[in-house]
Asker: 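Let me begin by handing over the structure; questions about it come next.
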Amino acid sequence: MDNVSFLIEKLYMEGWLRDEEFLEVLIHHGENEIRNLLAEYARKTAHRYYGNKVYTRGLIEFSNYCRNDCYYCGIRRSNSHAQRYRLKKEDILTCCDEGYNLGFRTFVLQSGEDGYYTDELLIEIITDIKRRYPDCAITLSLGEKEKESYQCYYDAGADRYLLRHETSNAQHYRCLHPKELTSEHRKQCLKDLKAIGFQTGCGIMVGSPSQTLKHIVEDLHFMKELQPEMVGIGPFLPHHDTPFHNEPAGSFTLTLTLLSIIRLILPDVLLPATTALGTIDPQGREQGILAGANVVMPNLSPVAVRKKYMLYDDKICTGDEAAECRVCLSNRMKRIGYELVTDRGDSIRKLEEKRICTINIH
Ligand code: SAH
């Protein structure tokens, strides 16, 4: 314990550890005392930037059609049991209307990789949302695209893009995806997104099949190098209609430990306590915030389609109206001393860069 406490303090002070030191901390994720100490430092760090504010994003899962066949994902192409749906532009705008009235100032548009939504259609959707709600941010999570496509979404007004890298180790990536999908291409997409100017999010599933702690340390290196504005992590959870149906779920305590470590290596990062974390444990999102996360992403999708966007089994909140989700989360945050705020919740780093640019121009 003493040795690990020392490492945690070092991580807090210096924002980085040697590989074997990271491993030493990760190995002890099951010990409450260690996790509490890490969480304390992670919270202190989050407070420095965000106080007790928790940002909220309205998640609109607008299509579950997908051309990919990732072994872990419930909406993979080969899952013939999935009931497929697509929301029309008007339905998406209705979700935004409802979300805006509930206090959401970021809309996250997420889908499978669905060719039905051409760049022209996506540009129209982005432009219409921005026209109606110029004070809101748009986050996209549409998977891998050409750089030109990313650029035109950015030019249309999209602000952020989430693309989890899933694992930075090419061999491990191979265990999770069919061969037409490569780690190299996924990483290239992330670099393109950063270069274009998106607030960019990467991330992993914790405890995905074949993952080792060494892989996780590689992921930490990847994050440090990419300097993402957002990081999305949650436990892997099996889905009964996928090749990984018999695989065990990822560890809750390892996910919490990792949230704290990520807060310490990327102090101002936007870090959600994800739905998967809330699914693996009834207090998961609260515990995530207490481990250093500062974002929650309740669902704004129409209730009629919620159950169809099943990435994994037993996903929570699939029967609740958006308003109920918002109130429920707001109360959950209040109970642990945090406040859900009505705010775009931009990356502080990005705002600072913009401010410096503006000063230089004038
Ligand atoms: N098509 C988009 C959105 C994918 S869904 C894209 O490619 O980015 C968003 C994330 O859900 C994925 O990146 C993955 O990390 C996570 N996910 C998918 N299946 C999961 C599972 N079985 N358990 C936990 N997380 C899962």
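For ligands, and for the atoms within them, numbers begin at 1 and follow the listed sequence.
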Asker: Just by distance, no angles: are the side chains of Asn36 and Glu40 close enough, under 3.5 Å, to form a donor-acceptor pair?
Answerer: no
Asker: So, is the end of the Arg326 side chain (NZ or CZ) under 6.0 Å from the ring centre of Phe104 and within 45° of the ring's axis?
Answerer: yes
Asker: Answer whether the closest heavy-atom distance between the side chains of Pro235 and Ser251 falls below 4.5 Å.
Answerer: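 They are not in contact (no side-chain heavy atoms under 4.5 Å apart), so the answer is no.
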Asker: Closest by any non-hydrogen atom to atom 1 (N) of ligand 1: pick that one out of Ala276, Gly143, Ser111.
Answerer: Ser111
Asker: Please classify the Pro235 to ligand 1 contact at 4.0 Å (heavy-atom distances, strictly less than): side chain, backbone, both or neither.
Answerer: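 Backbone only.
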Asker: Angle between ring planes, Tyr41 versus Tyr12, binned at 30° and 60°: parallel, tilted or perpendicular?
Answerer: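 Correct class here is parallel.
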Asker: Tell me the protein heavy atom at minimum distance from atom 11 (O) of ligand 1, and give that distance in Å.
Answerer: Leu311 CD1, 3.5 Å
Asker: Would you mind finding which of His239, Arg186, Gln110 brings a heavy atom closest to atom 8 (O) of ligand 1?
Answerer: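 Among His239, Arg186, Gln110, the closest heavy atom to atom 8 (O) of ligand 1 comes from Arg186.
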Asker: Classify the angle between the aromatic ring planes of Tyr72 and Phe244 as parallel (below 30°), tilted (30 to 60°) or perpendicular (above 60°).
Answerer: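 Because their plane-to-plane angle is under 30°, the rings of Tyr72 and Phe244 count as parallel.
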Asker: As a test of the contact definition, would atom 4 (C) of ligand 1 count as having a protein heavy-atom neighbour under 4.0 Å?
Answerer: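 Protein heavy atom within 4.0 Å of atom 4 (C) of ligand 1: absent.
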Asker: Among protein heavy atoms, which sits nearest to atom 13 (O) of ligand 1, and what does the distance come to when rounded to 0.1 Å?
Answerer: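 For this ligand atom, the closest protein heavy atom is Glu166 OE2, 2.6 Å.
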Asker: Looking only at protein heavy atoms, identify the closest one to atom 19 (N) of ligand 1 and say how far it is in Å.
Answerer: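 Looking at atom 19 (N) of ligand 1, the protein heavy atom closest to it is Tyr72 CD1, 3.4 Å.
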Asker: Short list, please: which atoms of ligand 1 are under 4.0 Å from a heavy atom of Arg164?
Answerer: 13 (O), 14 (C), 15 (O), 16 (C)
Asker: Does NZ or CZ of Arg86 lie under 6.0 Å from the centre of the six-membered ring of Phe62, at an angle within 45° of the ring axis?
Answerer: no
Asker: Between Tyr312 and ligand 1, is there a nitrogen or oxygen pair with a distance under 3.5 Å?
Answerer: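 N/O-N/O distance under 3.5 Å: no.
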Asker: Among protein heavy atoms, which lies nearest atom 17 (N) of ligand 1, and at what distance?
Answerer: Met205 SD, 3.9 Å
Asker: Is it true that Glu21 and Lys10 make a salt bridge, defined as a side-chain N closer than 4.0 Å to a carboxylate O?
Answerer: yes
Asker: Heavy-atom distance to atom 22 (N) of ligand 1: which of Leu140, Leu237, Thr274, Leu142 wins?
Answerer: Leu237
Asker: Do the side chains of Leu163 and Cys202 get nearer than 4.5 Å, heavy atoms only?
Answerer: no
